[in-house]
Enquirer: 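Can you read through this structure? Questions will come right after.
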There are 2 protein chains.
Amino acid sequence: MPRDHRPAKSVRVLLAEDQGMMRGALALLLGMEEDMEVVAQVSAGDAIVDAALVHRPDVALLDIELPGMSGLDAAAELREQAPDCRVLILTTFGRPGYLRRAMEAGAAGFLVKDGPVEELAAAIRRVLTGETVVDPALAAAALSAGPNPLTARECDVLKASADGATVADVASRLHLSESTVRNYLSSAIGKTGTRNRTEAVREARQQGWL
Amino acid sequence: MPRDHRPAKSVRVLLAEDQGMMRGALALLLGMEEDMEVVAQVSAGDAIVDAALVHRPDVALLDIELPGMSGLDAAAELREQAPDCRVLILTTFGRPGYLRRAMEAGAAGFLVKDGPVEELAAAIRRVLTGETVVDPALAAAALSAGPNPLTARECDVLKASADGATVADVASRLHLSESTVRNYLSSAIGKTGTRNRTEAVREARQQGWL
DNA sequence: ACTCGGGTAGGACAAATGTCACGGCCGACC
DNA sequence: GGTCGGCCGTGACATTTGTCCTACCCGAGT
């Protein structure tokens with residue numbers, strides 16, 4: 001029989017983060033807040049939506065780089081399947097393209113894992129009031145950087161080339177001719193203003209375009 | 001006048017971690033342990049030794065990838081300048097080469113950031129008793145993988161090639177002839193069993209050889 | 001003294017990569 | 001209907017990359 005010694009724990013939060021220690025630490029911290037309760041923890045991106053449907057969190061705290069499914073894609077799905085759940089992206093890298101995609105996916109906030117821990121609970125409370133929380137400097141960078149100039153196919157080819165695959169590898173993996181792969185690579189190199197595929201991949205990653 | 005309501009906080013720990021949120025969260029968690037006190041937090045590798053000399057921690061919790069100086073190099077320096085401070089490496093990647101280098105640098109333990117938070121305080125207590133703490137599976141992997149087959153120069157060239165630099169770039173950066181650079185790259189590719197420099201860099205990174 | 005491994009370098013060659021000009025197909029937009 | 005951009009492809013070409021062989025210097029070990 002709960003005798004209600006504890007305060008009301010009014011904020012239900014879902015935590016998606018693949019690093020166990022980070023996930024555990026954040027869960028403990030948030031649990032210490034008087035009004036917050038971590039109702040679900042997941043370590044894979046494709047478990048987010050399911051967990052949200054079951055546990056009905058008020059806010060989902062999502063890492064971007066997750067096994068299974070990107071936190072950004074999960075955010076977009078949450079928007080449809082659990083529209084009353086606010087999404088707060090929590091990521092290691094403040095890439096302009098990530099921020100842009102997060103906003104397009106309907107995220108209510110975007111936090112980088114630098115910055116003090118206190119920001120976290122504060123940000124959660126702010127998004128719950130309807131506020132949108134992003135680092136102003138980061139927002140400016142995202143705006144000034146402009147949108148992703150790469151076509152979907154160019155991104156595919158860059159991603160497939162990222163681990164050192166040869167043109168032949170990429171061609172067979174994507175069911176394209178080698179000529180086509182080289183054309184896409186060449187144009188991606190041109191658009192990124194780089195000198196070879198390695199630099200192009202690097203730059204595209206840096207911008208959050210992959 | 002301290003009236004000693006609190007327990008004795010007998011364990012002094014130094015925390016080196018570049019990610020602000022992670023650092024803050026860990027500091028809070030450790031501070032909640034009855035017997036532990038975080039006496040110093042640093043975010044750069046080259047601040048570790050100084051902080052240790054000032055605050056005299058019993059144990060230093062070091063990330064590996066840090067700005068300024070690697071946590072592994074810092075561990076080696078601590079061994080000399082603060083020999084009574086135990087070193088516990090805490091890293092994202094359980095690379096065999098990292099573990100090997102950590103042991104050679106005199107670390108008393110090696111933890112990966114996966115795994116539950118509870119492991120952390122437990123590991124700290126165990127290294128303080130003189131025990132060496134490493135994940136057995138990881139230790140086996142490190143042993144079976146064998147030592148780094150790359151020479152110092154081959155590592156240098158790989159590192160310099162990592163960001164997509166051309167042979168000419170690397171040659172001028174390292175004051176070598178282009179022929180020499182190509183020779184080193186070729187032999188590194190051979191030793192790593194890969195097909196090109198990108199894969200070689202990838203593999204060497206994976207093994208913790210860079 | 002001799003060998004051996006590492007660092008450095010040149011040259012020659014084959015393969016992979018990057019560039020460019022060209023073409024066809026489609027869907028969207030005016 | 002026409003235009004435009006994205007997708008897919010070919011062929012030719014210059015450049016870069018990767019391989020192999022040779023060679024010299026040096027320090028460590030036998």
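Just so it is clear, the structure is predicted and the values come from calculations on it, not from any experiment.
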Enquirer: If we fit an axis to the first five pairs and another to the last five of the helix from C/dA1-D/dT30 to C/dC30-D/dG1, what angle do they make, to the nearest 10°?
Expert: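 That helix has its two terminal axes inclined by roughly 30°.
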
Enquirer: Test: salt bridge (charged side-chain N to carboxylate O under 4.0 Å, His left out). Region: residues 174-185 of chain B. Which pairs qualify, not counting sequence neighbours?
Expert: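 Qualifying pairs, neighbours excluded: none.
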
Enquirer: At what distance, to the nearest 0.5 angstrom, does CZ of B/Arg100 lie from CD of B/Gln207?
Expert: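 Atom-to-atom, B/Arg100:CZ and B/Gln207:CD are 10.0 Å apart.
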
Enquirer: Going by distance alone, is a donor N or O of one side chain under 3.5 Å from an acceptor N or O of the other, for B/Thr166 and B/Asp169?
Expert: yes

Enquirer: So among B/Leu174, B/Asp156, B/Leu176, which one has a side-chain contact (heavy atoms from CB on, under 4.5 Å) with B/Tyr184?
Expert: B/Leu176

Enquirer: Rounded to the nearest angstrom, tell me the gap between atom NE2 in A/His175 and atom P in D/dC7.
Expert: 17 Å

Enquirer: Within a strict 4.5 Å, meaning less than it, do heavy atoms of the A/Met36 and A/Arg125 side chains meet?
Expert: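 Yes - at least one pair of side-chain heavy atoms lies under 4.5 Å apart.
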
Enquirer: Whole Å only: how far is the CD atom of B/Glu178 from the P atom of C/dT8?
Expert: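 For the pair B/Glu178 CD and C/dT8 P, the rounded distance is 15 Å.
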
Enquirer: Considering only distance and modelled atom types, tabulate donor-acceptor pairs under 3.5 Å from the side chains of residues 48-70 of chain A, sequence neighbours left out.
Expert:
residue : atom : partner  : partner atom : Å
A/His55 : ND1  : A/Ala51  : O            : 3.2
A/Asp58 : OD2  : A/Arg12  : N            : 2.7
A/Asp63 : OD2  : A/Lys113 : NZ           : 3.3
A/Glu65 : OE2  : A/Tyr98  : OH           : 2.8
A/Ser70 : OG   : A/Leu72  : N            : 2.9

Enquirer: Would you say a side-chain N or O of B/Ser177 is under 4.0 Å from OP1 or OP2 of C/dG10?
Expert: yes

Enquirer: Walk along nucleotides 17-24 of chain C from 5' to 3' and tag each nucleotide B, S or - by protein heavy-atom contact under 4.0 Å, base first, then sugar-phosphate.
Expert: BBBB----

Enquirer: Rounding to an integer number of Å, can you tell me how far A/Asn148 CG sits from D/dG6 C1'?
Expert: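 Distance check: A/Asn148 CG to D/dG6 C1' gives 14 Å.
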
Enquirer: Only one of B/Asn148, B/Leu158, B/Val201 passes side-chain contact (heavy atoms from CB on, under 4.5 Å) with B/Trp209; say which it is.
Expert: B/Asn148

Enquirer: Atom OH of B/Tyr184 and atom P of D/dT19: how far apart are they, to the nearest Å?
Expert: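 Taking OH of B/Tyr184 and P of D/dT19, I get 16 Å after rounding.
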
Enquirer: Could you state the atom-to-atom distance from CD of B/Glu154 to P of C/dG5 in whole Å?
Expert: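 From B/Glu154 CD to C/dG5 P: 14 Å.
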
Enquirer: side-chain hydrogen bond (donor to acceptor under 3.5 Å, both in side chains) with B/Thr180: which residues, sequence neighbours excluded?
Expert: B/Ser177

Enquirer: Does anything in residues 203-210 of chain A come within less than 4.0 Å of DNA chain C? Heavy atoms only, and list the residues if so.
Expert: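 Heavy-atom cutoff 4.0 Å gives no residues at all.
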
Enquirer: Find the distance B/Asp169:CG to D/dT16:P and express it as a whole number of Å.
Expert: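 So the CG-P distance, B/Asp169 to D/dT16, works out to 11 Å.
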
Enquirer: Rounded to the nearest 0.5 Å, what's the gap from OG1 on A/Thr198 to CG on B/Asp163? Could you check?
Expert: 9.0 Å

Enquirer: Students often get this wrong, so: under 4.0 angstrom with heavy atoms, is B/Thr151 touching a base, only sugar-phosphate, or nothing?
Expert: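 Sugar-phosphate only.
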
Enquirer: So how far is it from B/Leu138 CG to B/Arg95 CZ, rounded to the nearest 0.5 Å?
Expert: 11.5 Å

Enquirer: Taking atom types as modelled and ignoring hydrogens, do the side chains of A/Thr92 and B/Gln19 form a donor-acceptor contact shorter than 3.5 angstrom?
Expert: yes

Enquirer: Does a side-chain N or O from A/Arg153 land closer than 4.0 Å to OP1 or OP2 of D/dG6, or not?
Expert: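 The answer is no; no side-chain N or O of A/Arg153 sits under 4.0 Å from OP1 or OP2.
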
